[in-house]
Amino acid sequence: MTADMEKISVVIITYNEERNITRCLDSVLPVADEIIIVDSYSEDRTEELCMNYDVKFIKQKFLGYIEQKNYALKYASNDYVLSLDADEALSEVLTNSINNVKKEGFVFTGYTMNRCTNYCGKWIYHGSWYPDRKLRFFNRKQGKWGGINPHDEFMFNDNSMQTNHLKGDLLHYSFYTREDHLKQIDHFTNISAQTLYDKGKKPGFAKLFLSPISKFIKDYIIKGGFRDGKEGLIIGLLSAKASYIKYSKLKQFHKNSK
């Protein structure tokens, strides 16, 4: 990076990401002035691979997706942060967009981008998975990570903060196999159900049975998931299944508490 460009910190949280982390790090090298990795004590080669790069590598027991990302922000030395998951990478167009922002200066408090997901080798361009706009480039002093675990989102302290949308995609290498998807559904529904239970939420008939149907109709039909072929159908069905499983687990939590 040239001396007259604004500086940004790239922040990534990891756990057992040896098959993804190299691609992620290679993609951010053209834009990063520092790279911070907060790792939840990976048991694979994640740390070893990260050491091939000029990174600040910090170990922290996993606190929860939202909590871990907020913890990681504290280590950034620059106000503006680009936050990525290890299974994400910058497209060439998005890389150029970010560097243009650095050259022109930070006019906006945050910058959004579209995320494009690769599902079992195929890029998905319809349904709820695209454009899947994300706020991942922002002034860390103007907000914090929030949302409901495991679905985190960066939230500004002031609703008047302005954002701008960048050209290019954040490439998301989500699932290499359908089994990966099923494992994530099991993992994420455990977290979601526990979070809802802790908030005192109860699963009524509508949530348990109508929510999955509504989810499928919205993603597969209304948002055009059918245009992605068999992968679109699989995603639609599994997304509906995930909704049902989440509320079934929530119902079980309440049953076990009696």
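As the structure is a computational prediction, the values presented were derived from the model and not from experiment.
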For this session: Quick one: do L238 and I234 satisfy side-chain contact (heavy atoms from CB on, under 4.5 Å)? Show the steps, please.
Result: CA-CA 6 Å; L238 289 183; I234 292 169; 3.8 Å; yes

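- In this structure, E92 places its CD atom where only 12 or fewer heavy-atom neighbours from other residues, nucleotides or ligands lie under 6.0 Å away.
- A donor-acceptor pair under 3.5 Å links the side-chain atoms of R140 to the main chain of A76, judged by distance alone.
- Residue F216 is not grouped with residue I185 when hydrophobic side chains (ILVMFWY) are merged at heavy-atom distances under 4.5 angstrom, including chains of intermediate members.
- Side-chain N or O atoms of T95 include one that pairs as donor or acceptor with a backbone N or O of S91 at under 3.5 Å.
- With sequence neighbours left out, D79 forms a side-chain hydrogen bond (donor to acceptor under 3.5 Å, both in side chains) with K141.
- Sorted by first and then second residue, the salt bridge (charged side-chain N to carboxylate O under 4.0 Å, His left out) pairs involving residues 145-162 (not counting sequence neighbours) are K69-D152.
- Atom CG of N52 sits about 11.5 Å away from atom CD of E47, to the nearest 0.5 Å.
- Among residues two or more places apart in sequence or in another chain, the side-chain contact (heavy atoms from CB on, under 4.5 Å) test is passed with F108 by Y111, Q162, N164.
- Applying the salt bridge (charged side-chain N to carboxylate O under 4.0 Å, His left out) test to residues at least two apart or on different chains, the pairs with a partner in residues 17-30 are R19-D180.
- Taking CZ from F106 and OH from Y80, the interatomic distance works out to 6.5 Å, rounded to the nearest 0.5 Å.
- How far SG of C120 is from CD of E179: 8.0 Å, rounded to the nearest 0.5 Å.
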Problem set entry | E34 vs S77, side chain to side chain donor-acceptor pair (under 3.5 Å): CA-CA, chis, key distance, verdict | CA-CA 8 Å; E34 72 169 354; S77 59; 2.9 Å; yes

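- Judged as a side-chain hydrogen bond (donor to acceptor under 3.5 Å, both in side chains), and not counting sequence neighbours, the contacts of E67 are N149.
- Looking only at distances, a side-chain donor or acceptor of N16 sits under 3.5 Å from a matching main-chain atom of E43.
- At least one side-chain heavy atom of F138 sits under 4.5 Å from a side-chain heavy atom of L73.
- Here Y119 pairs with W129, F175, H181 under the ring pair (Phe, Tyr, Trp, His ring centres under 6.0 Å) rule; sequence neighbours left out.
- Residues L84 and L90 meet the side-chain proximity criterion, which asks for heavy atoms closer than 4.5 Å.
- Hydrophobic cluster membership differs between V107 and F156, with clusters built from Ile, Leu, Val, Met, Phe, Trp and Tyr side chains linked at under 4.5 angstrom.
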For this session: Could you walk me through whether L166 and I98 pass the side-chain contact (heavy atoms from CB on, under 4.5 Å) test, one step at a time?
Result: CA-CA 8 Å; L166 300 178; I98 293 172; 4.0 Å; yes

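- When all heavy atoms of S83 and W145 are compared, the pair lying nearest together is OG-CZ2, 3.4 Å.
- With values rounded to the nearest 0.5 angstrom, M5 atom CE is found 10.0 Å from E104 atom CD.
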Exercise. Are D132 and H172 close enough, and set up right, to give a side chain to side chain donor-acceptor pair (under 3.5 Å), and what steps lead you there?
Worked result: CA-CA 11 Å; D132 193 21; H172 183 210; 5.7 Å; no

For this session: Take Q60 and D39, measure what side-chain contact (heavy atoms from CB on, under 4.5 Å) needs, and give me the verdict at the end.
Result: CA-CA 6 Å; Q60 168 61 43; D39 181 76; over 6 Å; no

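- Checked by atom type and distance alone, the side chain of K59 never pairs as donor or acceptor with a backbone atom of V38 at under 3.5 Å.
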Exercise. Should Q252 and N256 be marked as a side chain to side chain donor-acceptor pair (under 3.5 Å) after you check the CA-CA gap, both sets of side-chain angles, and the distance that decides it?
Worked result: CA-CA 6 Å; Q252 189 62 44; N256 293 341; 2.9 Å; yes

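- Under the 4.5 Å side-chain heavy-atom criterion for grouping Ile, Leu, Val, Met, Phe, Trp and Tyr, L182 is not connected to L233 through any hydrophobic cluster.
- A donor atom on one side chain and an acceptor atom on the other are found under 3.5 Å apart for N20 and Y176.
- Using a 4.5 Å heavy-atom threshold, the side chains of L171 and N118 count as separate.
- In terms of heavy-atom proximity, Y220 sits nearest to G232 at CD1-O, 3.7 Å.
- To the nearest 0.5 Å, atoms CG (N139) and CD1 (I8) are separated by 12.5 Å.
- By the rule that hydrophobic residues join a cluster once side-chain heavy atoms approach within less than 4.5 Å of another member, I245 and L250 end up as members of separate clusters.
- When atom types are taken as modelled, the side chain of S9 and the backbone of N78 share a donor-acceptor pair closer than 3.5 angstrom.
- M113 has its side chain out of reach of D169: every pair of non-hydrogen atoms, C-beta onward, lies at least 4.5 Å apart.
- For the salt bridge (charged side-chain N to carboxylate O under 4.0 Å, His left out) condition, the pairs that include at least one residue of residues 201-225, sequence neighbours left out, are K215-D219.
- Electrostatic pairing of D33 and K7 does not count as a salt bridge here, judged by no charged N lying under 4.0 Å from a carboxylate O.
- Checking N190, T195, I191 one by one against P150, the side chain to side chain contact (heavy atoms under 4.5 Å, CB included) holds for a single residue, I191.
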For this session: Begin with the C-alpha distance, continue with both residues' side-chain angles, and end with the deciding distance and a verdict on salt bridge (charged side-chain N to carboxylate O under 4.0 Å, His left out) for D85 and R136.
Result: CA-CA 10 Å; D85 294 333; R136 294 297 192 79; 3.7 Å; yes

For this session: Could you check I12 against C24 for side-chain contact (heavy atoms from CB on, under 4.5 Å), going step by step and ending with a plain yes or no?
Result: CA-CA 9 Å; I12 307 165; C24 179; 3.7 Å; yes

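- Applying the ring pair (Phe, Tyr, Trp, His ring centres under 6.0 Å) rule to H254 yields the partners Y197; only residues at least two apart in sequence or on another chain are considered.
- Residues V10 and V81 form no side-chain contact, since every pair of their non-hydrogen atoms from C-beta on lies 4.5 Å or further apart.
- For the salt bridge (charged side-chain N to carboxylate O under 4.0 Å, His left out) condition, the pairs that include at least one residue of residues 225-239, sequence neighbours left out, are K122-E231.
- Annotation: ring pair (Phe, Tyr, Trp, His ring centres under 6.0 Å) contacts involving residues 22-68, sequence neighbours excluded, comprise F62-Y65, Y65-F188.
- Within the structure, the side chain to side chain donor-acceptor pair (under 3.5 Å) test picks out the following pairs touching residues 234-248 (sequence neighbours left out): S211-S243.
- The side-chain heavy atoms of I35 and L29, taken from C-beta on, include a pair separated by under 4.5 Å.
- Put simply, CG on L25 and SG on C50 are 5.5 Å apart, with the number rounded to the nearest 0.5 Å.
- Between K56 and I37, the closest side-chain pair of non-hydrogen atoms is not below 4.5 Å.
- Under the rule for a ring pair (Phe, Tyr, Trp, His ring centres under 6.0 Å), the partners of Y75 that lie at least two apart in sequence or sit in another chain are Y71.
- Within the 4.5 Å cutoff, no side-chain heavy atoms of W123 are placed close to those of T117.
- When the side chains of ILVMFWY residues are joined at heavy-atom separations under 4.5 Å, either directly or via intervening members, L135 and M161 end up in a single hydrophobic cluster.
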